[in-house]
Every structure is written in structure tokens, then in C-alpha cells.
Asks: 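Dumping the structure here so I can ask a few things about it.
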Amino acid sequence: MPRTGRLTTATALLAAMSALATACTGQGAGTASDDPKADVTLTFWHGWSAPSETKAIEDNIARFEKAHPNIKVEVTGNMTDDKINQALRAGGDKAPDVVSSFTTDSVGKFCNSRAFADLNPFLEKSGVDKAKVFPRTLLEYTEFNGNQCTLPLLNDAYGLVYNKTAFDAAGITEAPRTWSRFVEVARKLTTADASGDSYERVGLMPTFHGYETTPMRLAAQWSPTYFAADGSSNLARDPAFAKMLTAQKDLVAALGGYEKLERFRNTFGDEWSAEHPFHTGKVAMQIDGEWRAPMAKEAGVGFEIATAPLPVPDDQAGDYGKGYLSGTVMGIASGSRKQNAAWELVKYMTTDTEAVVAFANAIHNVPSTLAALESPALRVTPESKTFLDIARHPKSSTTPAKADGGTYQLTFTDFAYAVEKGDVADIPAGLARTDRQIDTDIAKAK
Amino acid sequence: MTGSRTLRTKRRRGALRTAAFMSPWLIGFSVFFVYPLLSTLYFSFTRYDGFRQPVPSGLDNWSYVFTDYPLFWPAMRNTLWLVLVMVTCRVVFGLGVGLLITKIKTGAGIFRTLFYLPYLAPPVAATLAFVFLLNPGTGPVNTLLDAVGLPAPGWFTDADWSKPALTALALWGVGDLMVIFMAALLDVPKEQYEAAELDGAGPWARFRHITLPNIAPIVMFAVVTGVIQAMQYYAQPLVAGKVAAGVIGGSGQQFEPGYPDKSTLTLPQLVHNLGFQRFDYGAACVVALVLFALSMAFTALLMRRRGGLIGADG
Amino acid sequence: MSSAHGPRRPSSAALHWIGVHALGVAAALFFVLPFVFLLLTSLMGDRQALTRDLWPDTWEWDNYTKVWHTPGFLTWWRNTLLYAGLGTLLTVVSSVPVAYALAKFRFRGRRLSLLLVIAMMMLPPQVVVIPMYLFWARQLDLSGTLWPLIVPMAFGDAFSIFLLRQFLLTIPDEYLDAARVDGCGEVRTLLRVVLPMARPGIAAVALFQFFCAWNDYFGPQIYASDNPAAWTLSYGLESFKGAHHTNWNLTMAATVLVMAPVIVLFFFAQKAFVEGVTLTGVKG
């Protein structure tokens, strides 16, 4: 066979193969023609795994099934975003119809790739005015470029959970409101162990591997802007980031230095087990979500617990009370052939006041609708009130949805790890480098 | 003529018979090797996220991986480290343990079994065990090091120590090399040792001039397969990184590849990161092809060795 | 071996014996201590496992019951046995004829086929995983099952083919010729003459394949991760600590339970095993 002929054959072969590999990808819009009144079974995936949490989901589903006798819901828990992403790409009968994801980080990817159906037409069809139902920040992190491909399902607000007994013993009467006071309190609460080379207790585990203490959570206290108006990464241009990183690095140094802290961190129990270091008294303050205080109480800790918003930088003292917001989101797979029925479930779980309140009460999260926040049925404790207030605070913020999902946050976090370890001499230059990386990655993902 | 016809029939029947015997592999080879390899090549020149149709994108993926993907060069550097240090340590240690076992006279069977057992531990289990043993806060190893006054490093949580910790794990599972070396050492003709001893050669001289030349092909085999294994190193560094970071398949936080500080990244992990976490199939295929090229280059080296893997009559 | 030969003074021989065995004991400690610490920790209470203690205060044998009753643990066992067992069977059945052809038939392209088998053997699974994943998940809708891992084994495994061929080369052609003279066709020659003689080689291949599937992490991670009902021990174990929010004691108990079967199997099949390892390297 002449050379060109062989080349043509090879090309044809390649083309045929690629066609084979992609044959079933043409799923997508315009499939919402199913009858929501017909008998149907929906597959619903979520990420919760603790027994109390999965039970709360099942209770909610049971209520939904009672109200919609024609719809049966099969629930699978403990699904992380990687698995959800993979299953949606695989498609087919086993892929879920309705999905809830813990991380708002993935929303951009879900919307941009059209993995999830745009819910705007469904909202319209049902006559739901989303602006009147959901708080503004929550709508922000559930949509991407006008595509409302998810809706908020409960809300997480991040604040400070602290050991009141330890505070009293140290003569501290009030939660720290400013960063400088925060450092002072953290130092005061830190005690060495018998050998002197480690701790009996740290005031706070300030390193970025300290469970919920991520750079994004801290940065929210500086009210940062992650992306400029033109969509480019803004880390170097907004001084908030450098200030946060410097403040955290100084806090790490003040509490004994990175290495010593990391070594101590390795004696901690699992974040979701009863041996959480806050429960066992190894840390006195924990940057965490609204669930920590009730979880610690359920674990039967022998000290008093109180909550407060995270401190703010000294020059922003007037904004005290703000915090980082995030939450679980819920959406409909665009590959689903039961989208109208799926919408009934999503509508019920995310907008029905009774459902949202019951769920929020059961798993100690902040409710995600305006009506539920004001509902008298919402169980409010002094500890949870702090978080409800953070959720309502006008200066509370979130991390925006981007086409690359949470990759930009990982890139930023990566840089933050280097800073806290003391590997970065020039923070602004490093942030500029991080900006360039983020811009490249987002361009690649579009 | 009848004679040539029977010959031809015979030959055709022979070919058919061969084809029949070879058929499982012929199918496997085309479906699980040729097709996906060509497909990988094609995808590497497209933009493809698994939802929208692949769009030709020229060399975009290639330039992204080589110049902009922040994990690529760290993974390459780690691989180089693994090839230079871990493979060397494993071969030297495996040879040492093999030699030792041939010298042990009392309880040789028990020693051999004990030395071999760790090799059988499933990689994920062995890695979990080592992350626990080397936990800087509560691990027994650092407890013992502290007790005797030696510095206790951060092991899997310290970027400078994570690869040495993985090397310790690899040395623990050196059983395969031990057995291979043991067999090779026992195959060295005894007469050569006897002759050398009569000539007054000391132990080192005997090792240097008789043992080593005799087992050289096996050492070469161990080195090359070690290099190939190093390039394919996946479960151990991945699990070690995840568990040491304190984030395993958990909720909320996304997983940070190569913890600590990208020091445990290897090329196969990048295929997973790009393909199954970022869902950039095109870029993942570029890394896959790099991995392919490296593997095949070393395989070629392995087969060029005298006698080769195939044996004299291959 | 050198010490056994040549004239030596008794005291020097004794010293040599002591030296060698001291080294042996030191090495044995290195290989065995991790198992010991593992077992001890797996028997500690939740809180003690987070301390530097080496010896359990209380012996929590209950940890093993707890792990055993973890939701999914038995499913992981069943899946792993299915994957390893069925996979091994298919591999042996499909690889033997190929290895036989490569070892004993003369045909054009034999050397090339062998080279390609070796190339495939050295191919990291990650190289072709993207198209393979799309193929299994999109074309056949089989993601979330172990079939994408088991079915390919029905088409010959390169490593097994290679290993078996090496073994079959050691069977003298005379035996085969004798069988052929007796009027056996190739299939019967293979079944009646070659298989019985190749039993050790087949046992080694089967064991390797079994362990390979038992230990596989990447395959189940790609194909089974989105369906917990299809998880295997290796994959389940890795998510054990995260998914069940357990601390080190239970994680170590689970680790012991995953290690135990392979070690037990080893004691039953020690000989075949060591022979197999040797075959890969030495009989080149």
C-alpha cells in the first residue's frame, strides 16, 4: 500500500475510534418532557455520611414521598464531588437524577459543562421568584454566568467555636473581636505539655491543614475580591490576601512555629469522630461551621461551649460579625430523563419551609431560605444564633463559582501552604504568580 | 501436484491453528491496547471535558502540560528521585538480604518467610500501616527515635522526608527481589568460590570478582524493572499523601494532590488528577502519552540486554 | 556459602555464625516490627490510639467486630473475591493457549507477538485509561461495576502469557512430539500432556493474578468508586478512615483484616509463590 494510502487509513481509523468513544455524549437540554405525575423512581445522591445526617435525609425523603405518592426516591449517601462528576459523565441508567454536593466549589464546573440542567425555566414554570426565596449570597454561589444550575440546600456559616470553661479559667471574658486580640487570646490559652517540646493544648490550630481553617475561610474576614471585573484573578491586586496570609503566618509563629504545630496536629483524631481535638481539649478555639458546637455536645464533652463570629482585622472592627458562607447545593443531572419529577424533589428540598427547617434542625445547619431563617419552628440555641447572624450579615461573603470548579481555590491554598511554612520570601510576587496560574487554568477549562 | 497441495493445506491449517490459539490475546491486544492508545493520541489534540464533544485544539494540551500545569515538573522530578534513590536502595538492600539469607544456617526457612511476608501486604494496607508507624505525633517509630535521642522527622508530613518514608515502605516489601537474588546467588557455581578461596581471595574479592559478574544480568533485570515500577508508582504515594494530609475521600475539602508540597506526586497520579478530578481529558491524555513513551523506552532497554527477557531461542 | 568451604578455625566460624545471625535477627525485626505495632494499635481504645503509647491499656478485641460490621465491609470482601477469583480463572483459561502457541508453535510474527506481549506487560494502566473508561462507561454503561476489570482478563493477560511461556519453554519438545505421534491434536496435546506438566507454572500465574487483583487500587478507583456496592477491599480500606470517621485503632484493625488473607494464602502456597517470583527474573 502506498504511504499516503496507509496514512489515510490510519486517519479514518482514528476518526472512527474517536466517534466510537464519544457517541453517547449528545445528552443535554430539552429533555424535560416527562410527566411529573407519572409513577417514577428517582435516584438521589448526597454526600452526608454520619448516621444522624443520613437519617435526617431519609426523614425528609419520607415526607416528600408522602406528599408525592407517585415518586419513589432511591438515596445514596457519602458521594464526593469526584464521584458525582464521574458518574454524570458516564451517564446511563445508574447515573443519578438529583445530586447534592457539599462543595460550592464545583458549581462553576457543573454549570459550565452543562452537567446540571439550568433551573431557571423550572423556577419560572412553578412561579417561584428565587430572589424572594433565597438570600442573595446563596444565589451567588449556586449560579454561574446566569445559569442557575443548582439551588442552595442549607447553608454553612463559619465562625469561632470555643471552650468557655478554658476561657473562664484563663480570665478571658469575651470572644476576641479583632485579630490582634485573637492572637493574644490564642497565646494565652496555649499550654505546654510536661516535656516542654509539645503542647497540652493550643489556643487554636492555626495551620491551613487544621480541619476547617482554610485560607478561604480566613480571607473572608478581610472581605476579599477574588476576581476583577474582567474575570481575571485578583489575588495580588487586592491587598486583603497578602494581609490575611501575613497575619496567619505571624499567628503560626506566635503559637510556637509551623513544625511544632504540625507535629501536634498529627495527634488529632478524625474531624468527624468523637476524638476531634476540640472535644478532647487539645484545642481551645476552633474555626468551624455551625455544626461543631452541637456535635461536641453530642459527644458529651466535659466543658462549656460558646460560639462567636471570627475576629476581623483591627482596621475593620466595624464589620465584626461577618464570616465565610458556603453550603450544600442541589441540582438536576442534565442527562436525566425524569427532570420534571426531579424538579419536584429539588423544589421540595430547597424551597419548602417546613422541609428546610426540619432538615436544618436535624443536622444543625443554617437554613437556606429567607422564610426558613425566620420560621418559629427553627430551633435556635445561643450557639446556633451566632451562625444565623453570620449568615444574615451583609458583609459575609463566599468564593465565586468559576469554570474550573474549585481549582483556583486549590491553587491559592497551595500558595498559602508555602507561605505558612516560611517558604515564601516575597508574598506579593508569589500572589502575582498564583494569579497567572489561576488565569491559565480557567482559560483552559472554559 | 498433490504433494504441494497437502503442504499448502497443512500450512494453512497450521496458520489457522496458531490464530485460534492466539485469538484471545489478538482480541485483547486490539481492544485494550491498540484502540485506546490511538484514541489517547487523538484526544491529546482535542479539548474534551466529557460533556461537550471533543474539539480539535492543536497543541494546546501539550503546551499546557509542559509549561503551565503546575504539577507536571514536580512529578517528573519526583520520578527521577525515585529512580535514582529508591530503585538503588531497593536493589542494594534486596541483594544484601538475599546474600544474608544464603549465609544463614539456622532457621533459614523461618527467616526467609519473615523477610518475604511484607511483600505480600496489599499496597494500600501497607501504606496505611506506614503512615501510622511514621506519624510524627503518635507513631511508634518517632517514639522510639525520641527515646534514644535521635531526631524524629516529620516523615509523610514533611516534603523533605516523604520520599524517604516511601523508600522505607519499599524496602519493607523487598521480598520479591530477595527471592530473585537468592535464587541467582545459589546458581553461582560453587567451584568458582572454592578455586578463588584456594587462591587466597578474601570475602570482598570473592564477591567482587565472582558473585557480581555471575549475577550481573539479574541485577540489571532488577534495576530496569525497578525503574519501570517507579514510573508506574501510584497507590502508595497517593494513599500516603491523602492519609497524611488528613483528608481521605472525606467531605467538604477537596483533596490536595501530592501532599506534602507536591512531594509525593507521580505521573500516573497526574492522569487521575487531570482526567478524573479536573475532567480535562485532553491534557490527561498528554500525560498518559509521556508515561507511555518513558515506559516503552525502558522496556526497550530491558529487552536489549544480552539474552534478553525473551530467552535465547525467542 | 563460602564459610562452609575451606579450612577455618572453629572460633572464627562461630564468630561468623553469630555475626550472620545477629544481622538476620536485626533484619527480621525490621520486617516484623511493623506488623507487631499494627496489631497492638488495632487493639487499643479510641483515645489511646491517639497517644504515643505502644502497649494497649485495655485490650479492645471488640475493634475487630466493629470493623467487621462496618457497613460495606462484607460487600468489599465479596467483590474482591469475585474480582480476584473470576479474574484469575479467566486469565488462566485465556492465557494458556496463547503462551503455548508462543512457546511451541513456529509461525511468522512470533517474535513480534512476543515483543508486543512484553510491551503490553510494561504498559501502565493509566496510559489507556481515558478511552477505556469512556468505552466501558459510555458504550457499555458498566461504570460502577467490576466488569470493566474482569472482562479484559478473558482476553489474555500479558504478564501471565509471558510467565507461562517462560515455563512452557522448559518442557522438552519430545513429550509433545510423542503425544502428536500418538495421534493427539494440538488441543488434546495441550490438555493431556502440557497442562499436567505446567501445573507449577499455572499455579504461580494464578497466584500472581489473584494477588494482583486483590491488591489493585487504581482499577476499582476508576470504575467502582461511584458505586459503594462495587468497592473492593483495597479501595474501601483507603476510604475507610475518611468515610467512617474512624481513628487509627479501627483503621489498623481493618488493615490487619485486609492483610490477613493474603498472608494465610501464602503459607498454603509458599512454594508456588517463590517459584513464580524466580521465574520472572531468572529463567530468562
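Letters A, B, ... mirror the listed sequences (proteins, then strands); counts begin at 1.
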Asks: Do Leu117(B) and Phe266(C) touch side chain to side chain, with heavy atoms closer than 4.5 Å?
Replies: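 In short, these two side chains touch, coming nearer than 4.5 Å.
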Asks: I'd like to check Phe130(B) versus Leu38(C) (side-chain heavy atoms, cut-off strictly below 4.5 Å). Are they in contact?
Replies: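 When only atoms from C-beta onward are counted, Leu38(C) and Phe130(B) do not touch, as no gap falls below 4.5 Å.
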Asks: Would you please classify the geometry between the His272(B) ring and the Phe218(C) ring as parallel, tilted or perpendicular, with 30° and 60° separating the classes?
Replies: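 The arrangement is perpendicular - the two ring planes meet at more than 60°.
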Asks: When rounded to the nearest 0.5 angstrom, what is the spacing between NE2 in His16(C) and NZ in Lys105(B)?
Replies: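 Those atoms lie 6.5 Å apart.
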Asks: How long is the span from the CG atom in Leu23(C) to the CG atom in Leu100(B), to the nearest 0.5 Å?
Replies: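 With rounding to 0.5 Å, CG (Leu23(C)) is 5.5 Å from CG (Leu100(B)).
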Asks: Select one option (side chain, backbone, both, neither) describing which atoms of Phe29(B) are under 4.5 Å from chain C's heavy atoms.
Replies: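 Contact with chain C is through both the backbone and side chain of Phe29(B).
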Asks: Please report the shortest heavy-atom distance between Val31(B) and Met132(C), naming the atom on each side.
Replies: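 Of all heavy-atom pairs spanning Val31(B) and Met132(C), the closest is O-SD, 3.9 Å.
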Asks: Between Met296(B) and Leu123(C), is the side chain to side chain contact (heavy atoms under 4.5 Å, CB included) condition met? List the steps.
Replies: CA-CA 8 Å; Met296(B) 288 305 119; Leu123(C) 187 78; 4.2 Å; yes
Asks: Do any N or O atoms from the side chain of Trp172(B) and from the backbone of Phe31(C) form a donor-acceptor pair under 3.5 angstrom?
Replies: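 At least one qualifying donor-acceptor pair exists.
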Asks: Could you grab the distance from atom CD1 of Ile130(C) to atom OH of Tyr48(B), nearest 0.5 Å is fine?
Replies: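 One finds 10.0 Å between CD1 of Ile130(C) and OH of Tyr48(B).
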Asks: To the closest 0.5 Å, what do you measure between CD1 (Ile263(C)) and OG1 (Thr113(B))?
Replies: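 Result: 11.5 Å between the selected atoms.
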Asks: I'd like to verify something: which residue of Val97(B), Leu198(B), Thr143(B) has the highest number of heavy-atom pairs under 4.5 Å with chain C?
Replies: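 Maximum pair count with chain C is reached by Thr143(B).
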Asks: Tell me, do Gln221(C) and Leu238(B) make a side-chain contact under 4.5 Å, heavy atoms counted?
Replies: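 With C-beta onward as the side chain, the pair touches.
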Asks: Determine the option with the most heavy-atom pairs under 4.5 angstrom with chain C, choosing from Phe298(B), Phe292(B), Phe181(B).
Replies: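 Most heavy-atom pairs within the cutoff with chain C belong to Phe292(B).
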Asks: If you count heavy-atom pairs under 4.5 Å between each of Ala101(C), Ser113(C), Ala158(C), Ala99(C) and chain B, which one has the most?
Replies: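 Ranked by contacts with chain B, first place is Ser113(C).
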Asks: Which atoms form the tightest heavy-atom contact between Ser234(C) and Val124(B), and what is the distance?
Replies: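 Answer, listing the atom of Ser234(C) first, then Val124(B): O-CG1, 3.6 Å.
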Asks: Side chain to side chain contact (heavy atoms under 4.5 Å, CB included) between Phe43(B) and Leu134(C): does it pass, once the steps are laid out?
Replies: CA-CA 12 Å; Phe43(B) 285 141; Leu134(C) 294 172; 3.8 Å; yes
Asks: For chain B, which of Val262(C), Leu54(C), Leu116(C) has the most heavy-atom pairs under 4.5 Å?
Replies: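 Option with the greatest count: Leu116(C).
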Asks: Looking at every heavy atom in both Ala49(C) and Phe132(B), which two are closest together, and how far apart are they?
Replies: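 Heavy atoms only, the tightest pair is O-CE1, 4.4 Å.
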Asks: So for Leu114(B), is it side chain, backbone, both, or neither that comes closer than 4.5 Å to the heavy atoms of chain C?
Replies: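 It is both, since atoms from each part get that close.
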Asks: Going by heavy atoms in the side chains, are Met120(C) and Trp25(B) under 4.5 Å from each other?
Replies: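 Yes, side chains in contact.
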Asks: Checking Leu171(B) against chain C: side chain, backbone, both or neither under 4.5 Å from a heavy atom?
Replies: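 Both parts, heavy atoms under 4.5 Å.
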Asks: Is Phe107(C) in contact with chain B via its backbone, its side chain, both, or neither, using a 4.5 Å heavy-atom distance?
Replies: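 Only the side chain of Phe107(C) comes within 4.5 Å of chain B.
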Asks: Do the rings of Phe155(C) and Phe32(B) sit parallel, tilted or perpendicular, given the 30° and 60° boundaries?
Replies: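 Taking Phe32(B) first and then Phe155(C), their aromatic rings sit tilted (interplane angle of 30° to 60°).
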Asks: Is it true that Thr106(B) and Trp17(C) share a donor-acceptor pair across their side chains at a distance under 3.5 Å?
Replies: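 Yes, side-chain donor-acceptor contact under 3.5 Å.
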Asks: Check whether Phe115(B) gets within reach of chain C through its side chain, its backbone, both or neither, counting any heavy atom under 4.5 Å.
Replies: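 Both backbone and side chain.
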Asks: Please examine the side chains of Tyr133(C) and Tyr281(B), heavy atoms only from C-beta on, and report whether any two atoms are closer than 4.5 Å.
Replies: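 Yes, their side chains come closer than 4.5 Å.
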Asks: If you look at every heavy atom in Ala154(C) and Pro24(B), which pair is closest and at what distance?
Replies: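 Closest pair (atom of Ala154(C), atom of Pro24(B), distance): O-CB, 4.2 Å.
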Asks: Distance check, rounded to the nearest 0.5 Å: Leu120(B) atom CG versus Met259(C) atom CE?
Replies: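 CE of Met259(C) is found 10.5 Å from CG of Leu120(B).
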Asks: Of Leu267(B), Leu291(B), Val287(B), Val290(B), which meets side-chain contact (heavy atoms from CB on, under 4.5 Å) against Val127(C)?
Replies: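 When Leu267(B), Leu291(B), Val287(B), Val290(B) are each tested with Val127(C), the side-chain contact (heavy atoms from CB on, under 4.5 Å) holds only for Leu291(B).
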Asks: Does any backbone or side-chain atom of Leu133(B) lie under 4.5 Å from a heavy atom of chain C? Answer side chain, backbone, both or neither.
Replies: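 Just its side chain gets close to chain C.
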Asks: Only pairs of heavy atoms separated by less than 4.5 Å count here; which of Pro122(B), Ala121(B), Gly275(B) has the most with chain C?
Replies: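 Looking at each option in turn, the highest pair count goes to Pro122(B).
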Asks: Do the side chains of Val187(C) and Phe21(B) get nearer than 4.5 Å, heavy atoms only?
Replies: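 Yes - at least one pair of side-chain heavy atoms lies under 4.5 Å apart.
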Asks: Can you say whether Asn142(B) sits under 4.5 Å from chain C via the side chain, the backbone, both, or neither, judging by heavy atoms?
Replies: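 Both parts, backbone and side chain.
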Asks: Rounded to the nearest 0.5 Å, what's the gap from OG1 on Thr18(B) to CZ on Arg110(C)? Could you check?
Replies: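 Rounded to the nearest 0.5 Å, the OG1-CZ separation comes to 10.0 Å.
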Asks: With only heavy atoms counted, which part of Val25(C) is less than 4.5 Å from chain B, the side chain, the backbone, both or neither?
Replies: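 Both parts, backbone and side chain.
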Asks: If you count heavy-atom pairs under 4.5 Å between each of Val117(C), Asp216(C), Val32(C) and chain B, which one has the most?
Replies: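 Option with the greatest count: Val117(C).
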Asks: For the pair Arg52(C) and Asp146(B), evaluate side chain to side chain contact (heavy atoms under 4.5 Å, CB included) and give the outcome as yes or no after the intermediate values.
Replies: CA-CA 11 Å; Arg52(C) 309 193 78 170; Asp146(B) 270 346; 3.0 Å; yes
Asks: Going by heavy atoms in the side chains, are Phe276(B) and Val129(C) under 4.5 Å from each other?
Replies: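 Phe276(B) reaches Val129(C) side chain to side chain.
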Asks: Top residue by heavy-atom pair count (under 4.5 Å) with chain B, among Ala119(C), Gly156(C), Ala260(C)?
Replies: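 When all of Ala119(C), Gly156(C), Ala260(C) are compared, Ala119(C) has the most.
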Asks: Which heavy-atom pair separates Ser295(B) from Met122(C) by the least distance, and what is that distance?
Replies: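 Reported closest heavy-atom pair: CB-O, 3.8 Å.
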Asks: Side chain to side chain contact (heavy atoms under 4.5 Å, CB included) between Phe93(B) and Phe30(C): does it pass, once the steps are laid out?
Replies: CA-CA 12 Å; Phe93(B) 188 65; Phe30(C) 168 72; 3.9 Å; yes
Asks: Is the number of heavy atoms from other residues, nucleotides or ligands under 6.0 Å of Leu29(C) CG greater than 12?
Replies: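 Counting other residues, nucleotides and ligands, CG of Leu29(C) exceeds 12 neighbours.
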Asks: Determine the option with the most heavy-atom pairs under 4.5 angstrom with chain B, choosing from Val98(C), Thr255(C), Leu233(C).
Replies: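 So the answer, after comparing Val98(C), Thr255(C), Leu233(C), is Val98(C).
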Asks: Looking at Gly24(C) and Ile104(B), what are the two nearest heavy atoms and their distance?
Replies: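 Heavy-atom minimum between the residues: CA-CD1, 4.0 Å.
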Asks: Are Tyr217(C) and Thr127(B) side-chain neighbours, meaning at least one heavy-atom pair lies under 4.5 Å?
Replies: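 With C-beta onward as the side chain, the pair stays apart.
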Asks: Side chain, backbone, both or neither: which part of Leu40(C) has a non-hydrogen atom closer than 4.5 Å to chain B?
Replies: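 For Leu40(C), no heavy atom lies under 4.5 Å from chain B.
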Asks: Given that the side chain runs from C-beta out, which part of Ala20(B) has a heavy atom under 4.5 Å from chain C: side chain, backbone, both or neither?
Replies: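 For Ala20(B), neither part sits under 4.5 Å from chain C.
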